[in-house]
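Below: the structure, in structure tokens.
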Amino acid sequence: MKAYSSARDEYAGKAMIQLDANENPFAGEFARYPDPYQNELKAKIAEAKGMSANKIVLGNGSDELIDLVFRAFCIPGKDNVIGMSPSYGMYKVCAELNDVEYREVLLNSDFQLDLTSMMNAIDENTKVIFLCTPNNPSGNVLDIEDVGRLLREFNGIVVMDEAYIDFSTNPSYINTLDENPQIIVLQTLSKFYGLAGLRLGIAYCSEELVAVFNKIKPPYNVNEASQKLAIKNLATIDFSNYKRSFFELKEMLLEALQGSSEVVKVFPSEANFFLVKFKDAHFIYNYLIENGVVVRNRSNQPLCDNCLRITVGNKDEITALINVFDRYEKSIIYR
Ligand SMILES: *Cc1c(COP(=O)(O)O)cnc(C)c1O
């Protein structure tokens, strides 16, 4: 297909008089169409991550980028993709929306890849494999050796969703793009960078794949307000300070959970949440709601029987959660 050529595509310079895009010149800050390639923001992200800006695509959240992967690589009604289970729900939603078969392969009991089942699920119409590491909702990082073997055996696109990588002590796959041009790494400003409301997702991939995304994405997919506010926030927030207090709060939440008589197991996490197995997750979920705390009930997900997913919030939020658990422990003593 031929891409839409926007006014900003045909003339990207800084003309004094812009009469090419039918804008309203009497309006203020947001009168003009935004940069379709978000070059200023990409340069900031590239600098922060030690990457080349030419290997970055930005989306209206990584959710938009997930959808673009289907549009770019899959023929509706014919191709299929493979995803791990349990994992993030949007891959399947986008697959169904695009009329692409979604093959779910169950993880093993340690939430690691079952490579044999994964290989068996691949056929000649498999175009994409979605991996999520650290995985949502389990919180663990996928074994590097397993991922390496999968990359060697499958020569289609492998999406690595790293929405939580900035909370992890493990390295990102963005450093391996040169050796593995089949990889698309997804990251986001929604989690660690605290800008979920701006809707900014990042894809890192080869320049060849960047060209594919640029061709099919909506021309002005990231609005001007989001671009400006992201640049401002990335420059002004002290992320290393946040990271330090994050690890303290994570430890505080972990200790509280492990001290609760209702908790069966807290799964190890490389993300900003814990998957927690309770004796009766449904009961605890409702008890927390009654006390003004909402967590995510993952009990109906495969391998997540009686599990709730709890975010590492700020100090006030975690203290509130701990108080609710304390009150519960006291109440059972008197029961
Ligand atoms: C939260 C989340 C996203 C969504 O990111 P947005 O950039 O806000 O769309 C993507 N993948 C996973 C695994 C997530 O948990």
Side-chain angles (χ1 to χ4, degrees), residues 38 41-42 45 48-49 56-71 81-95 97-98 102 104-105 107 111-113 128-142 147 157-168 170 172-174 183-205 213 217-218 221-223 225-227 229-230 233-234 246 250 267 269-275 294-298 301-304 307-313:
Q38 311 97 19
L41 177 54
K42 277 183 192 167
I45 292 170
K49 293 278 174 175
I56 295 178
V57 180
L58 299 181
N60 185 7
S62 23
D63 288 347
E64 182 186 36
L65 298 168
I66 292 167
D67 184 62
L68 289 176
V69 166
F70 284 93
R71 294 173 182 232
V81 306
I82 294 173
M84 43 193 246
S85 176
S87 192
Y88 186 52
M90 279 304 286
Y91 317 131
K92 189 177 186 175
V93 170
C94 290
L97 182 60
N98 287 287
Y102 188 73
E104 269 173 304
V105 177
L107 295 170
F111 295 110
Q112 291 294 338
L113 296 174
V128 185
I129 297 180
F130 284 89
L131 301 180
C132 185
T133 179
N135 187 34
N136 176 6
S138 52
N140 64 300
V141 165
L142 296 177
V147 173
I157 297 289
V158 177
V159 172
M160 301 287 221
D161 189 339
E162 294 188 336
Y164 300 97
I165 193 69
D166 303 285
F167 298 105
S168 170
N170 285 65
S172 163
Y173 283 90
I174 60 172
I183 294 183
I184 298 170
V185 178
L186 296 183
Q187 295 185 0
T188 178
L189 298 188
S190 298
K191 307 286 160 64
F192 179 82
Y193 292 96
L195 300 173
L198 297 187
R199 311 305 304 125
L200 269 160
I202 310 166
Y204 301 90
C205 53
F213 283 120
K217 78 179 185 67
N221 61 328
V222 178
N223 70 69
S226 291
Q227 292 188 43
L229 288 170
N233 279 278
L234 290 179
F246 163 75
K250 186 181 170 193
F267 291 92
S269 172
E270 287 283 312
N272 66 334
F273 57 82
F274 285 107
L275 187 70
V294 61
V295 297
R296 193 93 147 110
N297 193 346
R298 299 282 76 183
Q301 297 285 303
L303 308 173
C304 296
C307 285
L308 304 179
R309 193 193 69 194
I310 304 177
T311 307
V312 181

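Just so you know, ligand 1 is whichever comes first in the structure, and atom 1 is the first atom listed for that ligand.
Counting heavy atoms under 4.0 Å from ligand 1, residue D63 touches it through both backbone and side chain.
The protein non-hydrogen atom at the shortest distance from atom 5 (O) of ligand 1 is S62 OG, 2.9 Å. For atom 11 (N) of ligand 1, the closest heavy atom belonging to the protein is D161 OD2, 2.6 Å. Protein heavy atom in closest approach to atom 15 (O) of ligand 1: Y164 OH, 2.6 Å. From the protein, the heavy atom lying nearest to atom 4 (C) of ligand 1 is Y88 OH, 3.4 Å. Scanning the protein heavy atoms around atom 1 (C) of ligand 1, the nearest turns out to be K191 NZ, 1.3 Å. Taking atom 8 (O) of ligand 1 as the reference point, the nearest protein heavy-atom neighbour is S190 OG, 2.6 Å.
Counting atoms of ligand 1 from 1 in the listed order, those under 4.0 Å from a heavy atom of R199 are 6 (P), 8 (O), 9 (O). When each atom of ligand 1 is checked for a heavy atom of C132 under 4.0 Å away, the hits are 13 (C).
Judged by distance alone, the side chain of N135 and the main-chain N or O of F111 form no donor-acceptor pair under 3.5 Å. Using a distance-only test at 3.5 Å, with no hydrogens or angles considered, no donor-acceptor pair links the side chain of K191 to the main chain of N272.
Considering backbone and side-chain atoms together, T188 places an N or O closer than 3.5 Å to an N or O of ligand 1.
Here the rule is side-chain contact (heavy atoms from CB on, under 4.5 Å) with Y91, and of V81, V69, D161, I82 only D161 fits it. Here the rule is ring pair (Phe, Tyr, Trp, His ring centres under 6.0 Å) with Y164, and of Y193, Y88, F246, F273 only F273 fits it.
For R298 against R309, the heavy-atom pair with the smallest separation is CG-CB, 3.9 Å.
There is no side-chain donor-acceptor pair under 3.5 Å between R199 and N223.
Between Y102 and F70, the ring center distance fails the sub-6.0 Å criterion.
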